[in-house]
Structure formats: C-alpha cells, structure tokens
Amino acid sequence: HITGGSLHWYCQGNGQYVFEVILYRHCDGITTPSTLNVTAHNHPSVSSIPLTKVASYDVSPDCTAGPGQIAFSCGSMGGGQGNGIGAIEKAVYQSAPVSLPGVPPATGWIFTHTQCCRNSSIDNLIGAASSGSTLVAMMFPNSGSVAGQCTDNSPVYLGDDNVLFCENESVVISTLPTDTDADSLYTSWSHPYDFFGQGGWNPPANPGNVTYASGYGMSASLPVIPGSNTGAVLNHATGQISYSSVTAGEFVMCVETESWRNGELMAKVRKDWTASILSCGAGNNPPITTFSLVSQPLQIDTAGMNHYRLWIEPNAPFQFDYLASDSDINPGTATPQVVALEARGALLGTNWMDSSSCANPPCATIVPAGGQSGYANVMNNQVSFRWNPGVHHLSNPFTNDPIESPYSFELLMVDDYCSVPARDQLLMEIFVVIVPPMAPLMVNIQLDANLDAMIQWSAPSDTGSGLNGMFVYHNTDAN
C-alpha cells in the first residue's frame, strides 16, 4: 500500500552526507519498516547505505466530522488502522553521516530505494497491486567537486504530503522543490518506476516503468476528458500542477527535478505520489483569500493565479498580511467552519515563529494578526509574513552570480470540511537583489594657480547593498 515518496541527501559540515527517504502509505495496509537501505550504483566502494526511521506522521486531513461523515485517520499508526482512502502516513528515514570517497563519474552516482507494493485500487495503472515503487536520486560531477567531500545538497520536496481533493474542483497540487544552495531548479514530468529487480542500474529495463492503463501516460497521469477534465499543467519553474476534474479515482503521478549551477547539472531527484479524487457530495467552497503589502517591494509581478514574484533588498524588512474568510457551515455539525494556516518554505523558521532556526538565518516568520492568538480561527483568519534577509542571502558560496537569489514560500488557508477540506493557496517567489547606487553627480572642477585640480561631487545615497567607497581616476597625459 505504498503511495509514493522521495529520496535526497544533505551535506554535513565535515564533508559527509546524510541520506533521507520519505515514504507514504495508505494506513489500511501494513506498517512501514523501522529500517531500510539505499542502494548506491556506480560507486567503487559504497554499495549500500542503511537508514533508520526517525519520524512518522499521520498526514490525514484535519476536519470536523458530524453524523455520517468520516474524518480520515491512521489511528495509532499500526497496520490496517486506516479508515479510508485519505488516511495516509508519512515516514521519514535518515542515515548516519556517511563518506563517499572519490568524485562521481560523468554518468553520476545513482541512489535508489525500492518498495512493494502499490494500492490495488489505482485507476491509471495496469496491475498496480503487483507493481512496486523505486525512488531515485542522482549526484553528478561538477567544477566544484572535491574528492570525498559533499559540496552540493540535493533538492528536496516541501509540497503536499497528502494529495486529496474533491471532484468538480479546480486545484493546485504543490510539489514545491527547494534547494538549500539556491541552485536553479527545473521540474518535469517523469515515468514512475516499478520494483527494482536483480542486477545493476539500467532503466527502463531495471528498474522498469510502471504500465499505464489506456488513455494515461507520463504527462497525462490524471484523466483528461475534453469539455470536462482539464489536462494537468505543470509549472516547470515552481513544480506546481494545476488541474480540474469531474472524475473520481486514484492516480499515480511522478515528477523529476534537476538542479543546475553555473550551467552544470548538479543533481536529479524524483517524487512519486498518488493523487486521490473523491466524490464529496454537496459543494464546499474554499476560503476566499487576499494579501496586502505592508512594506513595498522593489517590484512585484503576477506569475499566475495566486502566484507572485517579488524583488526586495537585503537589510530591508519585508512584510505582507494574508487574510482568509469562509462563510460556509459544516453540514454535519451545523457550525461555522474553522480556517487554519499551513505554510512551507526552506527558510521558514521552526513553528513559523523562530527567526534563527533555518538553514540560512535570519528566517522568515509568520505570526497571527488581526487580534488572533493562533493560526486557526472561526470563519476568518489573518496572519503576517515577515522577513529581513541579509546580504548573505544574495547568493550561496558556490555560485558565480551574486546579483539575485530566489526563495519560495507557500501559504495555504484550509477549512475543516469533512472528509476533504477545501483550501486556497498563495505562492510567493521572493528574490533578494542588489540595487546598484547611482553614479556621483559632478558639481565643480577647478584648476588652481599651481594647475592642481579641485573636484567637487555629490555622493549618491548608500543603498545598503555593498557600497564601500568611490574611486577617482585621472590621466597625467595631456593628450
């Protein structure tokens, strides 16, 4: 009953690597294992890396159930304790720090983990119950590679853990690929892998691809019916997938994300998951959301529905408020709906409140606003996003382009309708940029009796982005 997962790695300060596997499963199946192995391919001395389960989460949706309604749950996380399609466990596995001697070959070091089996009720695969899942991450050589040293973190996916929505809804599925090193990312559709058999890495022979049912494919993993279902549209820059469907079912999906630095391919990772579309009965409207700028960015562009790109300066505190309202009544309890915040981003502080607890502080924070004391409120919700990036957020130690670096933050407002809450979301891509100072204004140039020059100028304002001084150039050749 594996529903998907991902595999990635983190650099440690001493040059070693920590590998991490995320597994998702339907909670009506067997429990996730306490340990697992990642297999290394193309490495001369390391062939297997053991991982231990470090955390397990019930990522079933939170909702308020009334008579005849189901609030999906994994119970105590044991085998067979799920109560339906939306009861999902997220299990996190990590390795101890490991050394990888040498430098990857041109074909890369490939890391895999394979599990069996998928859910028998999958609609877009043939023989799903006997199909497995193989998670893959690939590490490539680059001009900054140092033998035996980790010089690049792989991308990770911070998006949806449980892709569950109702038919007749227009939705956005979030994968939110993020890179700690601020490398450039490109996400594309990919073919989900089957179980990894005996032998070496040799796709699509080993692992093989899963077999799609008629009418489905790699970029058409969700049902397409002209005039009814729109095809899933992937934003290659953000990893967001837009879709609208009138067809209920369970559908396996997969994307692959590449990270690039100075024109060099650094890494590839993949995320494999199951999207579940339910017949939810009476319509439930998502919260209505707006945002308002408290401080003005240098520039703001609309990149799509609820998707914005903003440019801000370092050392200039930035803030916006995010507001939601929902007048729907939960039919099972006849009570107003509660609207709760969810938020994601590599530079969000722990519990959204701690500005020092991310990979590159100061971190962004989100605090309750509008007189609220928490992140959930009846009918209305208001929070304030705050970030004061430093000059060190302009670039990472590995890049040659210090002009601007993007950071993605995703905020969602979710109601408590059972069994599938409705939501609206906001994606902010924030670029921290240098604003060059203006040239000095020449005021006066005079020669005294000794033919010495006196120059007067009006200095430009210091933008706070690295103006350290000015140079005066002269030529002693009169010609």
Side-chain angles (χ1 to χ4, degrees), residues 5-12 15-22 36-51 93-95 97-115 133-157 175 177-209 218 236 239 254-272 396-400:
S6 61
L7 166 59
H8 40 268
W9 70 83
Y10 304 98
C11 291
Q12 305 301 291
Q16 291 184 300
Y17 302 76
V18 166
F19 285 84
E20 185 172 76
V21 165
I22 307 294
L36 53 79
N37 287 318
V38 165
T39 301
H41 307 267
N42 291 353
H43 195 280
S45 59
V46 177
S47 59
S48 183
I49 302 168
L51 282 72
Y93 299 82
Q94 288 184 346
S95 72
V98 297
S99 297
L100 296 177
V103 172
T107 53
W109 288 334
I110 298 98
F111 304 92
T112 62
H113 173 70
T114 191
Q115 284 276 346
S133 172
T134 297
L135 310 178
V136 180
M138 305 177 71
M139 186 185 304
F140 295 96
N142 61 84
S143 56
S145 295
V146 178
Q149 297 292 305
C150 183
T151 59
D152 175 62
N153 298 276
S154 75
V156 298
Y157 295 101
T175 62
T178 305
D179 194 289
T180 301
D181 306 321
D183 293 331
S184 298
L185 302 181
Y186 183 85
T187 299
S188 57
W189 296 111
S190 193
H191 205 122
Y193 286 135
D194 203 338
F195 192 79
F196 201 109
Q198 296 296 320
W201 171 259
N202 185 30
N206 193 29
N209 292 329
M218 184 175 71
H236 298 288
C254 184
V255 296
E256 179 177 82
T257 300
E258 300 174 345
S259 62
W260 291 80
R261 182 186 304 162
N262 300 328
E264 295 181 300
L265 178 62
M266 305 295 291
K268 291 182 181 181
V269 295
R270 294 158 56 96
K271 183 175 183 181
D272 176 331
N396 66 77
F398 309 110
T399 185
N400 291 329

Taking all non-hydrogen atoms of both residues, which atom of [X] and which atom of [Y] are closest, and how far apart?
{"X": "H236", "Y": "T187", "result": "ND1-O, 2.7 Å"}
{"X": "D181", "Y": "N153", "result": "OD2-N, 2.8 Å"}
{"X": "T151", "Y": "S145", "result": "OG1-CA, 4.2 Å"}
{"X": "T175", "Y": "V255", "result": "CG2-CG2, 4.2 Å"}
{"X": "S259", "Y": "L185", "result": "CB-CD2, 3.6 Å"}
{"X": "S95", "Y": "Y17", "result": "OG-O, 4.3 Å"}

Set of residues satisfying side chain to side chain contact (heavy atoms under 4.5 Å, CB included) with respect to [X], sequence neighbours excluded:
{"X": "S143", "result": "E264"}
{"X": "P50", "result": "N37"}
{"X": "S99", "result": "Q16"}

Check side chain to side chain donor-acceptor pair (under 3.5 Å) between [X] and all other residues, then give those that pass, not counting sequence neighbours.
{"X": "T39", "answer": "none"}
{"X": "T112", "answer": "H41"}
{"X": "Y93", "answer": "none"}
{"X": "Q94", "answer": "E20"}

> Do V98 and V46 have side-chain heavy atoms sitting under 4.5 Å apart?
Replying inline: no

> Does H8 have any ring pair (Phe, Tyr, Trp, His ring centres under 6.0 Å) partners at least two apart in sequence or in another chain, and if so, which?
Replying inline: Y10

> With sequence neighbours excluded, what pairs up with F140 under the ring pair (Phe, Tyr, Trp, His ring centres under 6.0 Å) test?
Replying inline: none

>> Using a 3.5 Å distance criterion without hydrogens, assess whether the side chain of S154 forms a donor-acceptor pair with backbone atoms of W9.
In response: yes

To the nearest 0.5 angstrom, please state how far the [atom1] atom of [X] sits from the [atom2] atom of [Y].
{"X": "K268", "Y": "I110", "atom1": "NZ", "atom2": "CD1", "answer": "9.5 Å"}
{"X": "R261", "Y": "D152", "atom1": "CZ", "atom2": "CG", "answer": "4.5 Å"}
{"X": "Y186", "Y": "L265", "atom1": "OH", "atom2": "CG", "answer": "13.5 Å"}
{"X": "H113", "Y": "L7", "atom1": "NE2", "atom2": "CG", "answer": "9.0 Å"}
{"X": "M139", "Y": "L100", "atom1": "CE", "atom2": "CG", "answer": "5.5 Å"}

Can you give me every donor-acceptor pair (side chain of residues 188-202, partner residue at least two apart or in another chain, under 3.5 Å) with its distance?
unit_1: S190; atom_1: OG; unit_2: R270; atom_2: NH1; d: 2.4
unit_1: H191; atom_1: NE2; unit_2: V210; atom_2: O; d: 3.0
unit_1: D194; atom_1: OD1; unit_2: G132; atom_2: N; d: 2.6

>> Test of understanding: with salt bridge (charged side-chain N to carboxylate O under 4.0 Å, His left out), list the residues that count as partners of D272, not counting sequence neighbours.
In response: R118

>> Holding to disulfide bond (SG atoms under 2.5 Å apart), I want the full list of residues that pass it with C11, two or more places apart in sequence or in another chain.
In response: C150

